[in-house]
Amino acid sequence: MEKRMKKKEISRRTFLGKSAAGIGMGIAGSLGTQSCASSNPNLEREIRRRNLKIASIDLQHLYPEKSIESRVNNMLERMEKAAGSEPDIMCLTETFDTSYVDEQKSYAEIAEDEHSPGPVTSRVADFAREYNCYVICPIITKNDGRFYNSALLIDRQGCIEGAYHKVHPVDTEIKNGKGIIPGPLRPPVFETDFGKTGMQICFDANWFDSWAHLKDDGAEIIFFPSQFPGGRILNFHAWKNNYYVVSSTGEDARIIDISGIDIDSSSFQLGYTWANINLEKAYVPTFPGKYSIPDILTKYKERVKIKVFRDTGGGAGTGAGHITIESLDPELFVKDILKEYEMPTYREDIKESELIQAKYR
Amino acid sequence: MAASIDLRGIWPVDTIEERISDILNRMKNTYVFKPDLICLPETFQTSWVREESRTEDIAEDETIPGPVTSVIAEEARKQKCYIVCPLVTKNNGNYYNSAILLNRKGEIDGVYHKAHLVPSEIENGKLKPGTLEPPVFETDFGKLGMQICYDANWFDCWEHLKKKGAEIICFPSQAPFINVLKYHAWINQAYIVSSTGEGARIIDITGDELAVSGQFERWVCKMINLEKALIHVWPYIRKVKDIREKYRDKINIEIYNPENWITIESRHPDVKVHDILNEYEIHTFDGHLKKNEEVQNEYRL
């Protein structure tokens, strides 16, 4: 596969990512953490820090599968196709190596280390390095003798940045403590070179606690590897927390906007989806806004994009509703526009109102 | 049979009298369906009415019907239906953005005070926010709760209504909050009847829209079935075939594949959904989550 060498364009929001020289696919278990330091410094490409490309894979037509090896091979093949969109990060499905695979193995046999890449992680890490993108790699992991339904974050150099442990496993996964151990209710948020990410897995969708913690801790994108698609439940989490949600499931893969609206979803033909998303974007109430949308557009013109939503507000003569406002200029930060026009984000506005209500209740 | 009135097309108007007349005319469209419940829009008496009015002049008593309440109560009595009548009320020297529940006899059954007022309503309108534990009202068809407009942005009161068993939540509002209401519906597994400045809607316990007003009819009226439950697909999908074979056309089962939900509703007066769940040892959706949560908490480090 041809490496992508992009013309460098340095700005406040770009930096030079490093990518290792091409290492052949299919080398299992051979790399380990040592490889993380051996990236090839000569191979560089531009990475847009806040305006990034996302790809997400679904499991359509990849199940049932006979063996773990063939599943991983087929998944990597699909990942390579999706890599054509030059993603900064790619999300895979929950326990993608073993779900709907005929070959039955125990957790002890398939669980991989969370620090030193095992057989499956190594192959995904090779891919991450080859294509210079982060990968959300959901597999069963082991840590201190315990098993977790996890999603590993693998960075552009193929290093394991961290692991998310499914907070709300189904009771049948837990198997009276002999199976999966539930992760902490306050899951980790991971720093990447484009922003902060978090993960939730499958059954987690039915609870709100961990999603809220991730928002409080600054997550801007939540990756959702899953068996079930999630449907409107995911749109809700995106809207409630005003972060992007990216799902990778047995049936589909979706990318959902901070407003809760679908940006894109995978097709029956391809089995993956991709989209550009802009982290310099905010969800803002229009009521009782002191700002004027025409004024902002007149001043910033094509440097900003504003979308007005009727369906979360609307409101006849009140002008109540919401907008998303995003910066399309690498030199312009959305927080500065909000400050200039005294625009609170939706969440800030709700908190401010709540304080006044509590005072007079 | 639930009905709801859309305010669109009858604002702005010059006088309160004109507004009341418009609302009554619009309500009459629903009478042919013999509704059990009609929901009116938030502060319909004064919203986008050019005639200026002070809170203290328009606020009505919460126990003895005032001028507007009396007019609406007369409709409730004549049509033998419940009406959610939202207006500014006064109680112990405080003013509230309220929704009065009138029963089929035209009597006041109770009142809800908007819990989450917009700050300008407090600072300029002299209104006081209601309790975070809003009341649930018993009607002859089931339990009913209310939320008003800005309340849609919070979850606390909706959750309280759910815990108290509300099956229908009426939502008088200025803004339609369309998607937000759909979320509240499935989260709380309650029907929502919204009556707003931009649309009237009836929303299913799954969040699906059952009826929406539009340019040709600025009102909605729809039969809703309170004998309906939303459950998780696992492991109960395995029992669906047996339930269908036993109850056939006496029930309806829908599968919501993306969300992993199943809805079961009775289509026969002798079949109660609660009994089917018991018979097949099916947990309610919340019961299912609670059962799993207990196991998760037992083994979480």
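For clarity, every value in this text was computed on a predicted model and none was experimentally measured. Values below: all heavy atoms of this structure, side chains included; hydrogens, waters and symmetry mates excluded. Here is how names work: the chains are called A, B, and so on, in the same order as the sequence lines, proteins then strands, and each is numbered from 1.
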**OP:** List the steps, then state whether side chain to side chain contact (heavy atoms under 4.5 Å, CB included) holds for Val180(B) with Trp239(A).
**Re:** CA-CA 9 Å; Val180(B) 183; Trp239(A) 167 79; 3.6 Å; yes

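Considering only heavy-atom pairs separated by less than 4.5 Å from chain A, the leading option among Ser173(B), Gly130(B), Pro12(B), Pro235(B) is Gly130(B). Of all the listed residues (Ile181(A), Val170(A), Ile350(A), Ile180(A)), the one sharing the greatest number of non-hydrogen pairs under 4.5 Å with chain B is Ile350(A). Of the residues considered (Asn257(B), Thr196(B), Leu181(B), Leu132(B)), Leu132(B) shows the highest number of contacts with chain A, using heavy-atom pairs under 4.5 Å.
Nearest heavy-atom pair across Tyr150(B) and Asp349(A) is OH-OD2, 3.3 Å. Arg361(A) and Lys128(B) get closest at one heavy-atom pair: C-NZ, 3.7 Å.
Side chains of Gln357(A) and Ile122(B) form a contact here, defined as non-hydrogen atoms less than 4.5 Å apart. Considering only heavy atoms from C-beta on, Asp208(B) comes within 4.5 Å of Arg232(A) through its side chain. In this structure, the side chains of Arg146(A) and Leu301(B) come closer than 4.5 Å at one or more pairs of heavy atoms. Under the 4.5 Å side-chain criterion, counting only non-hydrogen atoms from C-beta, Leu117(B) is not in contact with Tyr360(A). In this structure, Gln296(B) and Asp171(A) have side chains that are not in contact, with every pair of non-hydrogen atoms separated by 4.5 Å or more. Between His168(A) and Arg300(B), the closest side-chain pair of non-hydrogen atoms falls below 4.5 Å. Taking 4.5 Å as the limit, every side-chain heavy atom of Asn179(B) sits out of range of all side-chain heavy atoms of Phe236(A).
Checked against the 6.0 Å centroid threshold, His232(B) and Phe203(A) count as a close aromatic pair. The aromatic ring centroids of Trp234(B) and Phe228(A) lie 6.0 Å or more from each other.
Glu52(B) CD: 12 or fewer foreign heavy atoms inside a 6.0 Å radius. Shown here is Lys290(B), whose NZ atom has no more than 12 heavy atoms of other residues, nucleotides or ligands within 6.0 Å.
Contact annotation for Thr206(B): both backbone and side-chain heavy atoms come within less than 4.5 Å of a heavy atom of chain A. Both the backbone and the side chain of Ile233(A) come within less than 4.5 Å of a heavy atom in chain B. Only the side chain of Glu123(B) comes within contact range of chain A, with at least one heavy atom under 4.5 Å from a heavy atom of that chain. Both the backbone and the side chain of Glu354(A) come within less than 4.5 Å of a heavy atom in chain B. Residue His288(B) touches chain A through its side chain alone, counting heavy-atom pairs closer than 4.5 Å. Interface residue Leu185(A): backbone and side-chain heavy atoms are both found under 4.5 Å from chain B.
Between the CG atom in Asn260(B) and the CD atom in Gln227(A) there is a gap of 10.0 Å [rounded to 0.5 Å]. The distance from atom OH of Tyr183(B) to atom NE2 of His237(A), rounded to the nearest 0.5 Å, is 10.5 Å. Taking CG from Asn235(A) and CD from Glu259(B), the interatomic distance works out to 8.5 Å, rounded to the nearest 0.5 Å. Residue Trp207(A) holds its CH2 atom at 5.0 Å from CG of Asn292(B), rounded to the nearest 0.5 Å. For the atom pair CG (Asp286(B)) and CG (Asn206(A)), the distance works out to 10.0 Å, reported to the nearest 0.5 Å.
Because its NZ or CZ atom is both nearer than 6.0 Å to the ring centre of Phe155(B) and within 45° of the ring axis, Lys240(A) counts as a cation-pi partner of that residue.
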